[in-house]
Q: 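The structure's right below; bear with me while I get my questions together.
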Amino acid sequence: MSTNNESSVSHRTATSMRDLLCGELRSEHIGQVVRVCGWVARRREHGEHLAFVDLRDHTGIIQCVVDGSTDVRSEYVVQITGTVRPRPEGTLNDALDTGEVEIGDCRVEILSVAEPPPFGLEDRSEVDEQIRLRYRYLDLRRPRMQRNLRLRAAVNRALRSAMDRQGFVEVETPILWAPTPEGAREFTVPSRLHNGSFYVLPQSPQLAKQLLMVGGIDRYYQIARCMRDEDLRADRQFEFTQLDLEASFVTQEDVMAFVSEAVLDAAEVATGVRPGAIPQITWHEAMDRFGVDKPDLRVEIELTDLSALFAESEVRAFAAPVVKALKIPAGAAFTRSKLDALTDTAKALGAKGLAWFRVQDAGKLDSPLDRFLNEQEREGIVTATKAESGDLVLVVADEWRLSVEVLGALRAQLLSPPVGEGEARYVWVMDFPMFDGVDGAGNPISAHHPFTMPHPEDFELLKTDPLKARSQAYDLVLNGWELGSGSVRIHRPDLQSEVFSALGISEEEAEKRFGFLLGAFRHGAPPHAGFAFGIDRLVAIFTGADTIREVIAFPKTQSGTDLMTQAPSTISNSALLELGIRTITKES
RNA sequence: GGACCUGUGGUGCAGCCUGGAGUGCACGCCGCCCUGUCAAGGCGGAGGUCGCGGGUUCAAAUCCCGUCAGGUCCGCCA
């Protein structure tokens, strides 16, 4: 974490007001008269003849010595002029990069006074996030946020450089876009010139970038803001930033190579180490082994299949197509109420129940179900999961999808460390299903989006058994977080019609929603594919943060408010009138 | 829409289970002292709607109900 922030770009730090940055001062500057500017981090008065002022800017802290008293207080903004000199023997400070020197004979000019800050601006002072967000401009002054935002800038720089090197051209797409009722809920913008009509903020530049392919751009990328009016989470804000890209005359392998190059470059810049090639697994394998489509490969333990063991079993709870097990090391110590809570979690996810077995000495099992097991089953549970004394084995018996998903959720909840901890484990997840269940009308739901190209082997399944069809869609996953996803797009109108038909979207409906895209495709669309991944998430993991708010300068709270600006807020009646908008109060 | 956690001087906490004077700790703040500190040190001081409203009780930071705010998660996020 040291190679990144000092940017490789050399730039002029001296200005008309300062000669050097606080953190830059070293022995080589001894003897020079310098001017530095910054905030007063701390003042130490020793009577009326000696005072120390620790001056801070984004590069660090330098100790300034004043021969006399000084009336500066914490966070005053000052310009200090003095002579760089070695610290007296025995007073060097190893904790500071500048600790071998100090600025002596200082003259302090106050540029701004400051109220006492509501909280300490050192990294070590822990402050509730609510307070940090209310005074975000002070929080940003702290070293951790300075580091995070500068790391983010370095990552952006690496991404741009990688895309540029690979022949991609940066194109900006509209922020004011047309409503396309499909997918994530959009933010709506009323039109002043066309009262009663609305723009929306793009949930992603998806359609725009496909039109750029029709437009012959060949390789497009953008560091793009996306807006989705959906509920917020630790890894989700209304607004987030993606590296968005699309390329023509490519296969999914080409796109994955482009993305890998960019991500590995960014990782190298951020961590100093270039990760190895990113492994690939199929969606089915991910679900079967880890129970999720975004597996955390830092966790060694996988799901164990016990279907064969219980195929002929008398145990009625395990009479199901699939029986899956998950070992929780040292889980035998879980209390009964904890196990009950886990059972509730499993049921909330759709399981009929959750069987648990505490593994005791000599392979004995402690479980309400133990008395129903025969010796072979008892042994099988322990050997198949490689459980040892003190471990816990959780078992779910149901349809395949449900069994693996329930245990996958428990695996993530019980075994995954915080996302930013430990090594970074990337994985490509391939061959997603085309459709993910059916809607109320019995029509399949697009797993990715309706322009996703089916898997070449599964074209026929579209008509015969669409829910079994795979797509050419792929996700990039890091430590259990979905970084992003992409797909090969459909560029042939006939195939697009088939997919719309499978989705239960009529020709008229398709024309109404996506007419401009379908029209473009009738004018010569190159085969194309693309990807987009979340930069907030990537940088959060690089910094070791467990929420993307730590890498966003001005994030919103979980309820979508801004504690600093008080947004969202009402607007004047005249503003509403101009927009042709009337507000209503919802009945409670 | 739902579940759970949190809310006590400026900040971070303890106190709550088991009701008894807003009682305590650390940091910060203000004043005085202090010529080599660096999370300086010494002495003194100020600072409180215990998120808000209601209820129970002789008595509520503490118990109950509601509500607001923040967080984690489910739903949602093609």
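Chain A is the first sequence line, chain B the second, and so forth, proteins listed ahead of strands; every chain is numbered from 1. All figures in this text were calculated on a predicted structure; none of them were measured in a lab.
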Q: Would you mind reading off the distance between Lys556(A) atom NZ and G71(B) atom C1', rounded to a whole angstrom?
A: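 Spelled out: NZ on Lys556(A) to C1' on G71(B) is 18 Å.
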Q: Sort and list the pairs that fulfil ring-ring contact (aromatic ring centres under 6.0 Å, His included) and have at least one residue in residues 40-95 of chain A, not counting sequence neighbours.
A: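 Of all non-adjacent pairs touching residues 40-95 of chain A, those that pass ring-ring contact (aromatic ring centres under 6.0 Å, His included) are His46(A)-Phe52(A).
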Q: What I want to find out is whether Glu230(A) reaches Arg236(A) closely enough, with some N-O distance under 4.0 Å, to be called a salt bridge.
A: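 Looking at Glu230(A) and Arg236(A), the cut-off is not met.
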Q: State which of U37(B), U72(B), G12(B) makes the closest approach to the side chain of Thr547(A).
A: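 Selected nucleotide (nearest to the side chain): U72(B).
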Q: What's the closest nucleotide to the Thr91(A) side chain, out of G71(B), C38(B), C77(B)?
A: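 Looking only at heavy atoms from C-beta outward on Thr91(A), the closest nucleotide is C38(B).
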Q: State which of G71(B), G36(B), C76(B) makes the closest approach to the side chain of Glu102(A).
A: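 Selected nucleotide: G36(B).
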Q: Check whether any side-chain nitrogen or oxygen of Arg124(A) sits under 4.0 Å from OP1 or OP2 of A26(B), and answer yes or no.
A: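 No, Arg124(A) has no side-chain N/O under 4.0 Å of OP1/OP2 on A26(B).
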Q: Taking the side chain of Arg233(A) as heavy atoms from C-beta outward, which of G12(B), G70(B), C74(B) is closest to it?
A: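 Minimum distance to the Arg233(A) side chain belongs to C74(B).
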Q: Across all strands shown, which nucleotide pairs with G9(B) by Watson-Crick or G-U wobble geometry, both distances under 3.5 Å?
A: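 The answer is none; no pair meets the criterion.
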Q: Please say which of Arg142(A), Arg43(A), Arg56(A) ends up in a salt bridge (Lys or Arg N to Asp or Glu O under 4.0 Å) with Glu75(A).
A: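 Exactly one option meets the salt bridge (Lys or Arg N to Asp or Glu O under 4.0 Å) with Glu75(A), and it is Arg56(A).
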Q: Should the side chain of Glu45(A) and the base of U37(B) be counted as holding a donor-acceptor pair, with the cut-off at 3.5 Å?
A: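 Flag unset: no donor-acceptor pair detected.
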Q: Side-chain N or O of Arg73(A) less than 4.0 angstrom from OP1 or OP2 on C29(B)?
A: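 Checking C29(B) against Arg73(A), no side-chain N or O comes under 4.0 Å of OP1 or OP2.
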Q: Parallel, tilted or perpendicular for Phe514(A) and Phe500(A), by the 30°/60° rule?
A: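 The arrangement is parallel - the two ring planes meet at less than 30°.
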Q: Where the side chain of Arg228(A) is concerned, which of C77(B), G71(B), G12(B) is the nearest nucleotide?
A: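 Per side-chain heavy atoms of Arg228(A), the pick is C77(B).
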Q: Which nucleotide sits closest to the side chain of Val127(A): C76(B), G71(B), G12(B)?
A: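 Shortest atom-to-atom distance from the side chain points to G12(B).
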Q: Nearest to the side chain of Ile131(A), heavy atoms from C-beta on, is which of G36(B), C73(B), U11(B)?
A: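 Minimum distance to the Ile131(A) side chain belongs to U11(B).
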Q: Need the pair for C30(B). Rule: Watson-Crick or G-U wobble, both distances under 3.5 Å, any strand; none if unpaired.
A: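 The base-pairing partner of C30(B), which may sit in any strand shown, is G44(B).
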Q: From the list G36(B), G71(B), U11(B), which nucleotide is the closest neighbour of the side chain of Phe52(A)?
A: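 It is G36(B).
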Q: Which listed nucleotide (C76(B), C38(B), C73(B)) is nearest to the side chain of Gln558(A)?
A: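 The nucleotide sitting nearest to the side chain is C73(B).
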Q: Could you let me know what C63(B) is paired to, Watson-Crick or G-U wobble, both distances under 3.5 Å, or none if it's on its own?
A: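 Base partner found: G55(B).
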